[in-house]
Amino acid sequence: VGALGDFLASVLNQNTTAWRSSPAAVSLERALVRELARAVGCEGFSGSLCGGGSAANLMGLALAREARAPANEDGVQPGGVVYASSEVHMSIPKAVALLGLGRKALRLLPVDAQLRLEPGALARAVEEDLRAGRRPLAVVASAGTVNTGAVDPLDAVADVARDNGLWLHVDGAYGGLAALARPELFRGLERADSLSLDAHKWLHQPVDCGLFLFKDAGRACAAFSFAGDYARVLGGAGDVEGFAFFDESLELSRRFRALKLWLSLRYHGLAAFREAIGRDLANAQALGEAIRQEPRLRHIGQGVLSAVCFQYAGGVPEAERDAFNAALMPRLNARGRVYLSNATLEGRFCLRACFVNHRTRSEDVRTVVDEVLAAGAALEAERGG
Ligand SMILES: Cc1ncc(COP(=O)(O)O)c(C=O)c1O
């Protein structure tokens, strides 16, 4: 249904800029965004659809900079420091660099045993920067890290953010939509100032379906609108439901992205998505368990969501396992039955399985294990192991 919606959006080719030129598409997108925000526990947030999590993260930090380090009277914008865990997605350093904050303005903080940001480490880093005369700007909490699906302690991070005047951006691009199925894992999500979600990940949409949400539309307008009074005088550029999309986000010309997601939700119902996410979570747990039961595999890391990291051990000496698994991954994928990516955990090269597909069945979990064992044995034999 999502693919059909995408096709229809191309046929209509509606440029979804503002209500004035695109009333139906804008109204539908606004309603959809409100519905999704409410569904993940962020009632009252607004926002828009965008290309993906990277774009949403860039916008989140743009709002943070505008809110916490506005330009002075001469138009000079001061810098500031952004905090995140060492497990944060690469789109965050990219956003920090693109915003001109300087690559050194990102503090990558230590994580706890479950690979989650440590609120104590965050508080200490902020204190140190304040003492050194630097300006703390924002903290990025991950609601599902890309490597293991760890969810940072959102409530505790929000407390530190509140106490220190930091903007709280939550990167939920991979995991945030699991709040539909497991809201208890995401306590504190509603305390975010801005939030990234990716419907092309865990709402199974054709790619190009990110979602950027914020609590205060005025902040978004401060970051993105250069029309100022002109828009207000004209009246037309404003949206009947608030600002025009181009006044509160990066893009001007925009696809009618909402159509595919809205159609999917209407056709299948939110409950079907909840169930599909629940199945993915259960499959990930089952894979973790199967790996722990299998002496030829080593389970290395798994958060509360659907990413599972492990190594093929077989008869490979410990010191050679990283290189062996790095060689194994492309061979495994070339067999064409399963597709695994990789992650580096504790300095080790891991195979990474991530379940976000509504078509994955519980039988596929066994296939992952069997395929890794078969590909691993073949590589060992080839190397004379
Ligand atoms: C945690 C996290 N943030 C951001 C992104 C970037 O999302 P996108 O690929 O939609 O730009 C990803 C993608 O894997 C992710 O896992």
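In each ligand, atom 1 is the first atom listed, and ligand 1 is the first ligand listed. Count residues from 1 along the sequence.
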Quiz item: ring-ring contact (aromatic ring centres under 6.0 Å, His included) between Phe246 and Phe224: does it pass, once the steps are laid out?
Solution: CA-CA 7 Å; Phe246 53 75; Phe224 292 113; over 10 Å; no

Quiz item: Would you call the rings of His204 and Phe273 parallel, tilted or perpendicular, where under 30° means parallel and over 60° means perpendicular?
Solution: parallel

Practice problem: Using a cut-off of 6.0 Å, state whether more than 12 heavy atoms not belonging to Arg337 lie near its atom CZ. | Solution: no

Self-check item: Short side-chain to backbone donor-acceptor contact, Arg134 and Val126, under 3.5 Å
Solution: no

Quiz item: Hey, which residues fall under 4.0 Å of ligand 1 on heavy atoms?
Solution: Gly52, Gly53, Ser54, Asn57, His89, Ser91, Gly144, Val146, Asp171, Ala173, Tyr174, Asp198, His200, Lys201

Quiz item: Would you say the side-chain atoms of His169 and Asn57 include a donor-acceptor pair closer than 3.5 Å?
Solution: yes

Quiz item: Any side-chain donor paired with an acceptor under 3.5 Å for Arg352 and Ser341?
Solution: yes

